[in-house]
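Ligands are counted one by one from 1 in listed order, and the atoms in each one are counted from 1 as well.
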Amino acid sequence: METPDLIGPASPLGYPAPYWFLALFKVLGFTCHAVPMNLAYAGLLLALLLRASGNEHARQWAGRLARQMPFIVAWAVNLGIVPLLFTQVAYYQVFYPAMILMAWPWLGIIPLLTLAYYGVYIYAAGFRLGGPGPTRFKQSAGWVSALLFLAIGFIFTSAFALMTNISAWPALWQQTSVAGAPLGIAHSLANPTLWPRWLLMLGLALTTTAAYVVVDTGWFAQKESGAYKQWTARFGLEVYSAGVVLFVVAGVAYVFGGWPAELRQLLFTNPVFMLAAISAGLPWLLILAQVRQGAITQGLAMATGLGQSGVLALNAISRQLAQNAELEKYLDVTGQPVQVDWSPMILFLVLFAAGLALVIWMVRKVLIAVRGPEP
Ligand code: HEM
């Protein structure tokens, strides 16, 4: 196994928890991050485009999502911290060198995200119930935020592509350093997987947005008209189909256009990859069933949401397997020594359980509020 100089040295303390524990929470955390992140990533843009259309229901849906967007972004940011922590713990030898090489874009996420977050609040303030709708300024703030989210997603894609593309590091370091000191301006633009990977994530984000259209209608839009609910079922199906097409086209370009042959082999030997590729069929069929029956039902909407969570989880597992396979030549993340550090682990588990309970409590409160008083 080669260990090029730019890879960080292994910590003599070893991992503070077994690898399976770190990987489990990294994958679980990324799955949880993906749900709201996908809505900010593709949903906001879609809402802005639909606001510009003349369709009454489309504008109504756009307004609903815009009002929820400040909460969605808060969830995306908070839930992003979980996979970030576990990446830093389990993959520190490759995470830190890659993030030093592209330090400015990576740190740039903080101001970009802050601006995008303010923009989302300004845009959402234009949708006060009974109000005339967003002014031109508020509308522009929404557009700026949507574009910033696309840029942030691009930086994440670039960063995580660079983290495992170790063979590219020496050349990037030489091109972007002065007297051996990296300037932090490297990027993955020459990596052929970059654009397909970004589009793949965008396709996935569209499918999550579509599934959320159905969940929102089934569970949170009880006061909306029947015509609106019929429209959302058809709209959900159209958006889901578009997302699947983008996901498949970008996925083929990603795997066959940039992956090395040994990694591509994984696709055919490990069933998780195949499952991840075909899993989107289930939520699509569930949405189709609701279009056919002319209504979104709570049961099928819940099944659609759970099905989409499965799609995201399988995607998170397969990207983890691919990440490990890409690193395998240089680093065996699964075979590191372990010295369990109980106190932070217990604190994390307690806070995780408390956080989960709090989320369930908040969702229950929202459901009670949307149901309104009993007649
Ligand atoms: C709301 C704005 C955000 C957007 C649009 C966004 C978008 C993305 C995208 C597109 C990816 C997948 C990149 C790829 O591998 O191709 C990703 C991954 C990731 N994001 Fe976010 N993100 C956001 C906020 C955050 C924040 C604030 C954090 C951390 C505090 C975070 C942590 C992560 C981590 C750690 C991953 C990689 C997970 C893994 O590979 O296991 N994200 N994000």
Side-chain angles (χ1 to χ4, degrees), residues 22-45 69-92 94-96 98-99 102 105-121 144-165 188 191 193-209 243 246-247 250-251 253-255 258-259 276 312-327 333:
L22 303 175
L24 174 74
F25 280 96
K26 181 174 181 291
V27 166
L28 186 65
F30 182 62
T31 307
C32 295
H33 169 55
V35 177
M37 174 271 274
N38 280 187
L39 298 178
Y41 204 26
L44 179 61
L45 191 65
M69 204 37 83
F71 302 97
I72 290 172
V73 176
W75 287 45
V77 173
N78 281 289
L79 290 169
I81 293 166
V82 183
L84 187 61
L85 286 181
F86 286 98
T87 302
Q88 288 168 345
V89 174
Y91 294 82
Y92 62 93
V94 287
F95 174 80
Y96 289 108
M99 297 312 129
M102 56 171 289
W106 178 246
L107 290 176
I109 290 177
I110 299 170
L112 293 183
L113 188 58
T114 310
L115 281 176
Y117 205 176
Y118 274 117
V120 157
Y121 266 99
V144 170
S145 297
L147 296 178
L148 287 176
F149 285 136
L150 289 181
I152 292 167
F154 189 76
I155 299 175
F156 271 108
T157 298
S158 178
F160 287 99
L162 184 63
M163 188 178 95
T164 51
N165 190 15
S188 307
N191 183 338
T193 64
L194 184 68
W195 291 99
R197 180 169 171 163
W198 183 65
L199 289 172
L200 178 105
M201 293 310 290
L202 210 55
L204 195 64
L206 271 177
T207 61
T208 308
T209 303
L246 184 57
F247 182 76
Y254 176 49
V255 171
W259 268 14
L312 294 176
L314 282 167
N315 187 272
I317 296 171
S318 41
R319 62 184 269 132
Q320 197 50 63
L321 293 172
Q323 217 168 52
N324 288 3
E326 271 185 282
L327 291 174
V333 280

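For atom 10 (C) of ligand 1, the closest non-hydrogen atom of the protein is Tyr41 CE2, 3.7 Å. Protein heavy atom at the shortest distance from atom 41 (O) of ligand 1 is Lys26 NZ, 2.8 Å. In this structure, the protein non-hydrogen atom closest to atom 18 (C) of ligand 1 is Phe30 CE1, 3.4 Å. Regarding atom 39 (C) of ligand 1, its nearest protein heavy-atom neighbour is Arg319 NH2, 3.3 Å. At the top of the distance list for atom 30 (C) of ligand 1, counting protein heavy atoms only, stands Ile81 CG1, 3.4 Å. At the top of the distance list for atom 13 (C) of ligand 1, counting protein heavy atoms only, stands Thr157 OG1, 3.6 Å. With hydrogens left out, the protein atom closest to atom 12 (C) of ligand 1 is Met201 CE, 3.7 Å, a heavy atom. Summary of contacts: the protein heavy atom closest to atom 27 (C) of ligand 1 is Leu113 CD2, 3.6 Å.
In this structure Ile317 satisfies the side chain to side chain contact (heavy atoms under 4.5 Å, CB included) test together with Val27, Val272, Leu321, sequence neighbours excluded. Taking Ala23 as the reference, Tyr19 meet the side chain to side chain contact (heavy atoms under 4.5 Å, CB included) condition, with sequence neighbours excluded.
Between atom CG of residue Leu312 and atom OG1 of residue Thr207 there is a gap of 6.5 Å, rounded to the nearest 0.5 Å. Atom CG of Leu45 is separated from atom CG of Leu147 by 7.0 Å, given to the nearest 0.5 angstrom. Note that CG of Asn191 and CZ of Arg197 are 8.5 Å apart. Values are rounded to the nearest 0.5 Å.
For a distance threshold of 2.8 Å, the protein N, O or S atoms nearer than that to atom 21 (Fe) of ligand 1, listed by chain and number, are His33 NE2.
Residues in residues 33-43 take part in these side chain to side chain donor-acceptor pair (under 3.5 Å) pairs, two or more places apart or across chains: Asn38-Thr208, Tyr41-Trp198.
When all heavy atoms of Ala98 and Leu162 are compared, the closest pair comes out as O-CD2, 3.7 Å. Taking all atoms of both residues into account, the shortest heavy-atom contact from Ser318 to Ala276 is OG-CB, 3.6 Å. Considering all non-hydrogen atoms of both residues, Thr87 and Phe160 come closest at CG2-CE2, 4.0 Å.
Residue Phe149 touches ligand 1 through backbone and side chain together, judged by heavy-atom distances below 4.0 Å.
For Ser158 (side chain) and Phe154 (main-chain N/O), no donor-acceptor pair under 3.5 Å exists by modelled atom type.
Looking at Gln320 and Gln323, their side chains do bring a donor and an acceptor atom within 3.5 Å of each other.
Which parts of ligand 1 touch Gln323 is read off a 4.0 Å heavy-atom cut-off, strictly below it: atoms 40 (O).
When each of Phe30, Trp106, Phe149 is paired with Phe156, the ring-ring contact (aromatic ring centres under 6.0 Å, His included) condition holds for Trp106 and for no other.
Distances shorter than 4.0 angstrom do not occur between any heavy atom of Val73 and any atom of ligand 1.
Nearest-residue assignment for atom 37 (C) of ligand 1 (options Trp75, Phe160, Tyr117; heavy-atom criterion): Phe160.
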